[in-house]
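Residue indices begin at 1 and follow the sequence shown.
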Amino acid sequence: MAPLTALALPLLRRMEAERAHRLAILGMRLGLAAEHAKADPPSLATTVAGMRFSNPVGLAAGFDKDAVALRSLMRMGFGFVEAGTVTPRPQSGNPQPRLFRLTEDAAIINRMGFNNHGIVPFEKQLARHRRIVPVGANIGVNKEGADPERDYPELLRQVAPVCDYVTVNVSSPNTPGLRDLQSEARLTAILAAMRQTVPDAPPIFVKVAPDLSVEGLEAVVETAINAGIAGLILTNTTIARPERLRSPQAQETGGLSGQPLFERSTAMLARARLAAAGRLALIGVGGVGSGAQALAKIEAGADLVQIYTAFIYGGPAVITRIKTELASGLRRADIAHVSDLTGAAAERWAKGV
């Protein structure tokens with residue numbers, strides 16, 4: 001970690017969470033963040049949905065909502081970066097405070113509500129950067145005046161030329177009615193409209209909620225397969241509150257991310273792996289904070305993994321640590337490539353929560 005980054009992290013942790021986030025983004029825009037120059041070991045390289053990744057550890061959507069810090073984020077050592085969620089029109093999101101650290105639980109609760117500057121500046125930001133790692137665009141709908149069958153295809157049309165893959169966010173708990181779009185009928189209509197609008201679109205992923213029933217997940221898997229999209233991202237934040245949470249902030253409303261989500265999201269990932277039977281690419285996210293946890297996601301069925309909360313708490317150093325631990329685990333197991341372990345423990349994980 002760069003000395004300046006190491007100095008900044010303790011100061012940011014003492015600030016109100018959303019103010020600290022804004023300052024972190026500003027620092028990255030000014031080029032003050034650490035850069036990772038060391039090449040990734042060949043064992044971590046993988047190809048997913050036609051995209052080449054030097055390592056399977058990416059940044060989840062939500063950190064850089066407006067794609068303004070991409071230059072720094074692409075140079076931190078991530079295998080890929082996902083920007084957004086972006087909506088057709090600018091919106092301020094939900095009232096503050098709306099972002100809460102659960103430090104005792106290594107978790108975060110947010111009820112941001114898709115605050116962003118809209119698709120026009122987002123597209124311009126993506127267009128101005130040379131993509132040195134795959135970059136995804138996470139798209140969503142506005143709280144007011146949304147027409148999902150119109151809005152998602154139009155968003156896809158605008159970001160398709162300037163990104164490597166697109167994520168359809170129908171699972172944030174902080175936009176009323178959004179999760180209803182995970183139903184078979186609505187999701188089928190949205191994906192069909194997207195494919196019709198942009199037939200040559202980059203790979204499309206759907207991000208799903210960890211609170212879906214087993215039957216609901218199976219329906220999403222079949223819908224995704226029938227629509228011919230690339231895959232799923234499992235999972236978004238949860239509205240559930242495990243009893244073991246210790247933080248006084250634990251009962252704030254919003255989506256819970258971080259360590260308490262790990263087992264739930266990994267079990268859902270494994271069930272999706274078994275249901276898809278190799279017909280979809282899967283990205284695992286939820287509670288990854290170590291190489292062992294990244295490996296567990298991969299063994300449960302993930303082709304790639306994403307981090308968010310661990311990055312908030314640990315900064316750029318966590319990226320290097322996860323990759324180093326992951327590569328060491330592969331060496332100890334005498335595994336040549338990380339993809340050789342994808343789904344190796346799916347049946348065991350599927351019996352979890």
Quiz: residues 314-322 side-chain donor-acceptor pairs under 3.5 angstrom, not counting sequence neighbours:
| unit_1 | atom_1 | unit_2 | atom_2 | d |
| --- | --- | --- | --- | --- |
| Arg321 | NH2 | Gly289 | O | 3.0 |

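Residues that satisfy the side chain to side chain contact (heavy atoms under 4.5 Å, CB included) test with Ala275, not counting sequence neighbours, are Val221. For Phe122, the ring-ring contact (aromatic ring centres under 6.0 Å, His included) criterion is met by no residue, not counting sequence neighbours. Every side chain to side chain contact (heavy atoms under 4.5 Å, CB included) that Thr309 has, sequence neighbours left out, goes to Ile108, Ser257, Tyr313. A search for side chain to side chain contact (heavy atoms under 4.5 Å, CB included) contacts involving Ala227 returns Leu191, Ile229, not counting sequence neighbours. Every side chain to side chain contact (heavy atoms under 4.5 Å, CB included) that Gln125 has, sequence neighbours left out, goes to Ala67, Val68, Arg128, His129.
Residues Leu256 and Tyr308 do not share a hydrophobic cluster, clusters being chains of Ile/Leu/Val/Met/Phe/Trp/Tyr side chains in contact below 4.5 Å. Residue Leu341 is grouped with residue Leu280 when hydrophobic side chains (ILVMFWY) are merged at heavy-atom distances under 4.5 angstrom, including chains of intermediate members.
The side chain to side chain donor-acceptor pair (under 3.5 Å) with Thr266 is formed by just one residue from the set Lys297, Arg271, Glu299; it is Lys297.
Within 6.0 Å of CZ on Arg22 lie more than 12 heavy atoms contributed by other residues, nucleotides or ligands. No more than 12 heavy atoms of other residues, nucleotides or ligands sit less than 6.0 Å from atom CD of Glu347.
In plain terms, the two heavy atoms of Leu304 and Phe53 that are nearest each other are CD1-CZ, 3.6 Å. The two residues Ile109 and Ala250 have their closest heavy-atom pair at CD1-O, 3.5 Å. Shown here for Leu99 and Glu16, the closest heavy-atom pair between the two residues is O-OE2, 4.3 Å.
Put simply, the side chain of Asn236 never gets that close to the backbone of Val208: no donor and acceptor are under 3.5 Å apart.
With contacts defined as side-chain heavy-atom distances shorter than 4.5 Å, the pair Met76/Phe311 qualifies.
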